[in-house]
Protein chains: 2
Amino acid sequence: MKLADAKQQFISSWGVFATQWGINRTMAQIHALLMVSPDPLSQDDVMAELNISRGNANMNIRELIDWGLVERVLVPGERREYFTAEKDIYKVAMQVAKERKKRELDPMLKLLSQLEDVEGDKKDKHVKQFIDTITGIRRFGTQAEKMLDVMIKADENWFTSNLLKLFR
Amino acid sequence: MKLADAKQQFISSWGVFATQWGINRTMAQIHALLMVSPDPLSQDDVMAELNISRGNANMNIRELIDWGLVERVLVPGERREYFTAEKDIYKVAMQVAKERKKRELDPMLKLLSQLEDVEGDKKDKHVKQFIDTITGIRRFGTQAEKMLDVMIKADENWFTSNLLKLFR
DNA sequence: ATAAACATTCAGAAAGTTTTGAAAATTCAG
DNA sequence: CTGAATTTTCAAAACTTTCTGAATGTTTAT
């Protein structure tokens, strides 16, 4: 397979893949494009490569920057801005984990704590089932949070040498 | 807070939460409702509780069954079907992990293997960056897959006693 | 100060997804 | 069988998200 075709296929599949994770197609495609590009690209490069409009490119690049997955790069002697993506997939995964924890897990745990002290007779099976379910989810979420905290702080070496050993 | 309100809030938040994971709102709400219900509910119960149409309820209940998160229950002497959800959140998480691995991770790894043997001069930085990126992602994905396989097979006790110890 | 280059915004259009509800199919008791 | 109860399907409608591109804002070179 030729590079150009492989690249196309990677970008397009990455886009499809990402929608299942609640990330939009264009954002994922831009990320994929930047991951396989050895040099930084300008907004116009991105527009041309992916056939998307100026506004779309701009919006999604900024969102990627927001997620900490893409950086602005200044090319000396060039007026326009260039962009580059983190290429170490481990770092990408940790960055995504960190953001999602902040945006999703933390608020959910906060809500669950509040719901846990619902008033009512704990002999009532409806009350009991509700509290049991909420408590179970909160406990599980709390553990997940602790795991994430350790993993996010740890460096790649720790991850590979200590944790992965468990999974041969 | 009253049970009815807490329940409402849980169901609605679970729905919002889930959309960020690419699952649709109604499906998540039905799941939430069934998780906090001590007894199985019929399709009409679900329709009434969530104010949704017959077709919508039917479709999403079937999808939940497909995901292995909800089961049909036969209530003796009743003609209509009742539904119940797995309430052990650990089992829910493992079931979701298993399905997503099958639906998303496995196909992605298959594609990456194919893309890895792109033809071209490995001295060319474009070719090199492409191969390096793809290889990195594939390796990471393969590790993740192994981890998931172990975790899915393991029982809850192993999980709690061995793995979580690592994370204090 | 001016204008060219570039970045950002945003209202409306397009595309995609979810929901409805009525019709069709299925099941089951009598 | 028959027909009432129940489940399933599906085309159209409602809703949501994403994208476009022209207008506006900002920066920089001269």
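A, B, ... follow the sequence lines: proteins, then strands. Residue 1 opens every chain. Both backbone and side-chain heavy atoms feed into the values below; hydrogens, waters and symmetry mates do not.
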Q) Atom CE of A:Met27 to atom P of D:dT17: distance rounded to whole Å? A) 15 Å

Q: Would you kindly give the CD-to-C1' distance between A:Gln43 and D:dT27, to the nearest whole Å?
A: 15 Å

Q) Does a nitrogen or oxygen in the side chain of B:Arg80 sit under 4.0 Å from OP1 or OP2 of D:dT6? A) yes

Q) At under 4.0 Å between heavy atoms, what does B:Thr26 touch on the DNA or RNA strands: base, sugar-phosphate, or nothing? A) sugar-phosphate

Q) Going by heavy atoms closer than 4.0 Å, what residues in residues 46-59 of chain B are next to DNA chain C? A) B:Asn51, B:Ile52, B:Ser53, B:Gly55, B:Asn56

Q: Please list residues of residues 62-77 of chain B whose heavy atoms come under 4.0 Å from any atom in DNA chain C, ordered by number; otherwise none.
A: none

Consider only side-chain N and O atoms of [X] and [Y], and report whether a donor and an acceptor are under 3.5 Å apart.
X: A:Arg54; Y: A:Asn58; result: no
X: A:Thr135; Y: A:Asp132; result: no
X: A:Gln29; Y: A:Ser12; result: no

Can you confirm whether more than 12 heavy atoms, excluding those of [X], are under 6.0 Å from its [atom1] atom?
X: B:Leu74; atom1: CG; value: no
X: B:Lys98; atom1: NZ; value: no
X: A:Glu71; atom1: CD; value: no
X: B:Arg103; atom1: CZ; value: yes

Q) Is the charged tip of A:Arg100 near the ring of A:Trp21: under 6.0 Å from the six-membered ring centre and within 45° of its axis? A) no

Q: State plainly whether the residues B:Asp44 and B:Arg80 are in salt-bridge range, i.e. N to O under 4.0 Å.
A: yes

Q: With DNA chain C as reference, determine whether A:Tyr82 or A:Arg25 sits nearer its 5' end, using the nearest nucleotide of each.
A: A:Tyr82

Q. Hey, does the side chain of B:Asn56 reach the backbone of B:Ile52 with a donor-acceptor pair shorter than 3.5 angstrom?
A. no

Q) What is the bend of the helix from C:dA1-D:dT30 to C:dG30-D:dC1 when you compare the axis at one end with the axis at the other, using five pairs each and rounding to 10°? A) 20°

Q: Any pair with a residue in residues 41-97 of chain A that passes ring pair (Phe, Tyr, Trp, His ring centres under 6.0 Å), sequence neighbours left out, goes on the list, sorted by first then second residue, please.
A: A:Tyr90-A:Phe159

**Q.** Covered region of DNA chain C, 5' end to 3' end, by chain B [heavy atoms, under 4.0 Å]
**A.** C:dT18 to C:dC28

Q.
To the nearest 0.5 Å, what is the distance between CG on A:Leu112 and OG on B:Ser13?
A. 8.5 Å

Side-chain donor/acceptor pairs under 3.5 Å, residues 1-9 of chain A, sequence neighbours excluded:
none

